[in-house]
Amino acid sequence: MTNDAPYKRPLPDLERKLTQPYWEATKRHELVIQQCDACQHLWFPPSFCCPNCLGEAISWKPVSGRAKIWSWIDMWQMYFRGFADERPYLVAYVELEEGPRLMANLVDIDEERTGLTCDMPLEIVFDDVTPEVTLPRFRPIR
Ligand SMILES: [Zn+2]
């Protein structure tokens with residue numbers, strides 16, 4: 001966000017221990033996901049143990065930020081007033097090159113949704129929405 005208006009949309013809880021490393025990384029413009037030290041499984045969203053082997057030794061692994069669209073919607077519903085002036089906006093499940101899927105906004109796509117399709121290749125963009133919070137979003141690779 002480049003304007004000076006206060007950010008009015010929901011923000012992550014930066015004090016939550018489970019997700020702190022994730023938000024610290026996005027602040028550095030880096031995407032990280034959890035990886036099990038025992039079986040090397042990668043997953044998202046974060047959890048306190050490996051969903052594959054229940055191991056509790058977990059590392060945060062930097063990932064490429066390249067992804068493809070797994071599914072998406074045009075969001076018209078206004079669950080939060082902060083989105084009133086932005087509808088419709090695109091919400092997608094993106095599949096990271098490394099496998100796990102995460103939910104994020106799609107950006108840099110025109111109003112006609114030209115070329116929007118499943119498997120569209122994407123790259124991450126980091127949106128510094130407040131001085132403390134950076135949100136990952138995805139845009140088509142051109
Ligand atoms: Zn594991």
Side-chain angles (χ1 to χ4, degrees), residues 1-3 5-111 113-142:
M1 305 264 304
T2 52
N3 63 34
Y7 190 77
K8 295 178 182 166
R9 299 176 193 130
L11 290 168
D13 177 0
L14 300 179
E15 300 305 313
R16 191 169 176 228
K17 288 272 181 269
L18 177 62
T19 52
Q20 251 176 2
Y22 179 81
W23 296 115
E24 287 169 2
T26 60
K27 184 74 197 142
R28 300 188 305 267
H29 289 198
E30 191 178 359
L31 185 67
V32 295
I33 59 174
Q34 288 179 309
Q35 182 170 39
C36 177
D37 292 347
C39 77
Q40 310 307 311
H41 183 67
L42 292 162
W43 70 90
F44 192 90
S47 61
F48 288 108
C49 70
C50 171
N52 187 49
C53 75
L54 304 182
E56 293 179 2
I58 295 166
S59 301
W60 287 89
K61 177 186 169 65
V63 291
S64 67
R66 288 186 296 276
K68 61 185 180 182
I69 295 177
W70 187 73
S71 184
W72 82 94
I73 59 166
D74 247 318
M75 180 63 84
W76 287 89
Q77 183 71 37
M78 186 176 65
Y79 292 109
F80 299 96
R81 285 195 184 284
F83 291 96
D85 59 351
E86 201 181 324
R87 291 172 297 152
Y89 56 92
L90 287 162
V91 178
Y93 238 141
V94 306
E95 187 171 284
L96 298 173
E97 190 174 69
E98 293 81 3
R101 294 177 186 143
L102 60 89
M103 200 172 286
N105 290 124
L106 297 177
V107 296
D108 293 350
I109 293 176
D110 63 31
E111 286 181 21
R113 308 310 194 211
T114 307
L116 189 58
T117 180
C118 285
D119 293 334
M120 172 185 263
L122 305 169
E123 63 187 356
I124 198 165
V125 287
F126 293 97
D127 192 350
D128 300 316
V129 297
T130 73
E132 298 79 28
V133 175
T134 299
L135 299 178
R137 305 190 195 282
F138 286 82
R139 69 180 174 207
I141 294 177
R142 309 219 186 266

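The model shown is predicted, which means the values in this text are computed figures rather than measured ones. Counting convention: from 1, in listed order, for ligands and their atoms alike.
In this structure, Q77 places its CD atom where more than 12 heavy-atom neighbours from other residues, nucleotides or ligands lie under 6.0 Å away.
Remark: E123 engages R139 in a salt bridge, criterion side-chain N to carboxylate O under 4.0 Å.
To the nearest 0.5 Å, atoms CD (E24) and CG (L14) are separated by 9.0 Å.
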Would V129 and R137 satisfy side-chain contact (heavy atoms from CB on, under 4.5 Å), going step by step from the backbone distance to the final call?
CA-CA 11 Å; V129 297; R137 305 190 195 282; 3.6 Å; yes
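Shown are the protein N/O/S atoms under 2.8 Å from the Zn ion (ligand 1), given by residue and atom: C36 SG, C39 SG, C50 SG, C53 SG.
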Using residues 60-67 as the side-chain source, report each donor-acceptor pair under 3.5 Å to any protein atom, sequence neighbours left out, with the distance given to one decimal.
from	atom 1	to	atom 2	distance (Å)
S64	OG	R66	N	3.0
S64	OG	E97	OE1	3.1
S64	OG	E98	OE2	3.2
R66	NE	E97	OE2	3.0
R66	NH2	E97	OE1	3.1

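In this pair, Y93 and W70 present their aromatic rings perpendicular. The plane angle is above 60°, beyond the 30 to 60° band.
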